[in-house]
Amino acid sequence: MQIVLWINEKKVNAEAAPDMLLIDFLRAQGCSSVKRGCESANCGLCTVFVDEKPVLSCAMLAVRAAGHRVVTLEGLQEEAEGFGAYIADQGAEQCGFCNPGFMMNAIAMFRENPDPTEEEIKEYLAGNLCRCSGYEGQMRGILSYLAYKKEKGAAK
Amino acid sequence: MEEKRTSVINQPVRKKDAMSLVCGKPGYVDDGTPSDCLAVKVLRSPHAHAWIEDINTDIACKVPGIEAVYTYKDVPQKRFTLAGQTYPEASPYDRLILDRRVRFVGDGVAIVAGENEKAVDKALKLIKVTYQVLEPVLDIHQAKDADVLVHPEENWKALCDVGADNQRNLCASGLDEDGNLEEVMDSCDIVLEHTYHTKANQQAMMETFRTYTCIDPYGRLHVISSTQIVFHVRRILANALDIPKSMIRVTKPRIGGGFGAKQSCISEMYPAFVTWKTKKAAKMIFSRKETQTAGSPRHEMEMHVRLGAMKDGTIRAIDLYTLSNTGAYGEHGPTTVGLSGHKSIPLYNSNLEAFRFRYDVVYTNMQAAGAYRGYGATQGLFAVESMVNELASKLGIDPVAIREKNIVREGQKAAAYYNEQMNACALDRCITKAKEMIKWDEKPLAQDMGNGKIRAKGVALAMQGSGISGMDVGSATIKLNDDGFYALSIGAADMGTGCDTILAQIAAECLECSVDDIVVYGADSDSSPYDSGSYASSTTYVTGKAVEKACVELKKRMCRIAAKMMQCDEEELVFDSDGIRTADCSQKVTLGEIAAKSMNGNTEASQVTVTHSSPISPPPFMAGMVELEVDKETGAVELLDYVAVVDCGTPINSNLAKVQTEGGLAQGIGMALYEDVTYSAKGKILEDSFMQYKIPTRLDVCRLRVEFENSYEESGPFGAKSIGEIVINTPSPAIAHAIYNATGVWHRELPITPEKVLMGMLSHEN
């Protein structure tokens, strides 16, 4: 069936089979940052925003996104670069395959809770699996990014 | 004024691809290859052991959009191995692309290629197979010399003398020993004997196995795959498809994690076969379920350890028998098992008078195993390190003190490590540092916290190798380009570990330039210089040395070109970071000028290729100490603190060495506490998704504190040894030790789940 939705602020009118998952629809639309790591909604790799809320695009039908605003990491490049540089400075990106889902959910967290504690960070991102880093480097990156933001805020 | 250039070695240099990765840019197999290609899937056996009596694909072929359906009748009949190893491979040639005999639940039965996944899925359901179900071999203890043979076929063959015999279900067997074991054991005050068991852990890299294949403009098969071993894949596919190697090109894009899984050629042969037959592009993306059930996990091993010691804790003799389960096929079977002894026994070298290491590797009708970080050392170290902890406990000696008394030391020759001399070993310093970090001497082995929890500590040591001595090969081609930047071409595969950047750091250090001045390209079997691939903890140590040597040669080459330009003798010239000058500084040409000259009326190539192989494999060393709490009511184990101190020689990239260590610890924690592979009575794996196979989340991993104690390995680049694998080895024995200290129960089988901890406590009380 034909659906209309917004992907990264661009109106898209496309064909989507009734059983097509949002992840496959988005990849077919060129959003290759959206990755599949499991088939059981366990890994967090396919996280995108639907109406500004993070969702697992492997657990949502494409047709359910009709009429909604979907944002992938392709649409958040500035924020990804700003925060991502702190992950890169730790070497915590490693293989990079889980990065897009992790970045999306971290950005969602920063918007929701600009000053999270370590425990809050761990809980918010618990659904984002990473097999390379042991998570410590990601935590260091998040904390130094938050410290930088705080410093920048204080300077204003 | 000239500033002295600061070294880029042991610096936290950002990975060259880091920003691209964090921003989610396309780079992996499924991002960069066309989607309008044939979708390939495999029909898999529901039986652990069966003979295909009849297979009918007529209806499946009629599904609209289906291009081809292949069965055992269509494939070449020469056997091969999928193991990515140097030729002649130690792993037996026991595979066909599709076989009439299926040997595990998940073994390939048919390949279906079609215009889209939907058509392929439909066709898969319409293939009619009549199986003669055979009795499977599902017990590793019964496998050797069983009546049922996993590989009865006559064209099975072992290329190397590894003690294999398909008529006995043996993939390998062997013995290594030194000293008079029984005599030493007899004169020991105490001899302990226990059996330890580790499971077939999954690498669980986030990107599953995947491969795209097409025919290039020259009519050759171009394979774009998520692989650690481009050159081995070329040979393996040539064997599998029975076509000349010259007809195959293998390249790798970004890899979403490997950990050894992609050191076997798991997904490549299916789309490669389809493309070769149809001459059409094809792609196969393994599902997570396929990756969990038809991948290449760690070899399950059962290790029987006998240890002889004196009352004062002197360890005099170690006797290890390892029974390894290679599953249905022998990938990495004969080699992984060796590490269970050769990378555990030498840790206790100081007072060791005798050792014996025997092993059998058996075929069973279970998922074929492969290479996983640690490669057998992980299993052996769980057994030997646990045994040393049991000895300390039995003798009432501090478990760290007993190690300090017995560990291998710098300068020693280790009979159990191929008689190699330990030229660089800071294991003693690693232990001292770890003790300080966790305040070992200030804490009791266990302490009841009064809130239903017992807090306890545990310790383990580890070693590994750095490449495969006298066998694996690393090469580097380095070229001077316009403006004086360099292009480094390698055959090693960066699978996220950052070797592209690490090798660029080594080149930048040698050529006294910035890492940004080194462009890295790899890996492509057509254009990269030969490299065995990224495995066996070899890339930094072996390929890194090749880079270093290549840079020396390139400097000489640049001097030769400069000599012609300056009309002098090249012997009079020296390299001077941004150019070549005469020794007396009277004349100089810049790199840019040399590069320009190299492209204008020049007859000297401005590039060199150097190949390196090391006759030794210097071990990195490590100490791991853990503090955890056990809940007396539930058996739940909560990690509080894990300290790890590593001697990897010189860390080339301080950030990446640290993250490697943290990542390895997390995987080791998963292995110790959660990750299990179990089979139904009929041989089906129960943990076939991340719902059942639980890898650690960030809530499960505690504070990981990593430090380095550097030694200097003369044979490595800038003193480097390896780090990739060793880091997974300490958590299992250290955590088992701490749980014993908390509960009084030794857990000799992994994973140590809360159920096992609780049941252990209950039976211990009674």
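Note: hydrogens, waters and symmetry copies are ignored here, and every other heavy atom, side chains too, is used. Computed from a predicted structure; not experimentally measured.
Taking non-hydrogen atoms and a 4.5 Å limit, the residue list of residues 256-263 of chain B in contact with chain A, ordered by number, reads B:G256, B:G257, B:F259.
The parts of A:E123 that come within reach of chain B are both its backbone and its side chain, each placing non-hydrogen atoms under 4.5 angstrom from that chain. For a residue to count as touching a neighbouring chain, one of its non-hydrogen atoms must lie under 4.5 Å from one of that chain's; by this rule A:L45 touches chain B with the side chain only. Heavy atoms closer than 4.5 Å to chain B are found in the side chain of A:F102, but not in its backbone. With a 4.5 Å cut-off on non-hydrogen atoms, B:R210 touches chain A through its side chain but not through its backbone. No part of B:L665 comes within reach of chain A, as not one of its non-hydrogen atoms sits under 4.5 angstrom from that chain.
Chain B forms the most heavy-atom pairs under 4.5 Å with one residue out of A:E79, A:Q77, A:M103, A:M104, and that residue is A:Q77. Between chain A and the options B:G663, B:G27, B:P26, heavy-atom pairs under 4.5 Å are most frequent for B:G663. In terms of heavy-atom pairs under 4.5 angstrom with chain A, the leader among B:A204, B:A666, B:C23, B:A18 is B:C23.
Between A:R36 and B:D30 there is no salt bridge, since no side-chain N of the basic residue sits under 4.0 Å from a carboxylate O of the acidic one. Salt bridge status for B:E662 with A:R140: present, with a side-chain N to carboxylate O gap under 4.0 Å. Salt bridge status for B:K118 with A:D19: present, with a side-chain N to carboxylate O gap under 4.0 Å. A salt bridge is absent between B:R698 and A:E119; no separation between the charged side-chain nitrogens and carboxylate oxygens falls under 4.0 Å. Between A:E39 and B:K289 there is no salt bridge, since no side-chain N of the basic residue sits under 4.0 Å from a carboxylate O of the acidic one.
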Go through B:M206 and A:K35 one step at a time and tell me if the side chain to side chain contact (heavy atoms under 4.5 Å, CB included) criterion holds. CA-CA 9 Å; B:M206 284 296 133; A:K35 297 287 193 280; over 6 Å; no
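When side chains are defined from C-beta on, A:Q94 counts as touching B:Q660, because their heavy atoms get closer than 4.5 Å.
Counting all heavy atoms, side chain and backbone alike, A:A126 lies closest to B:L699 at CB-CD1, 3.6 Å.
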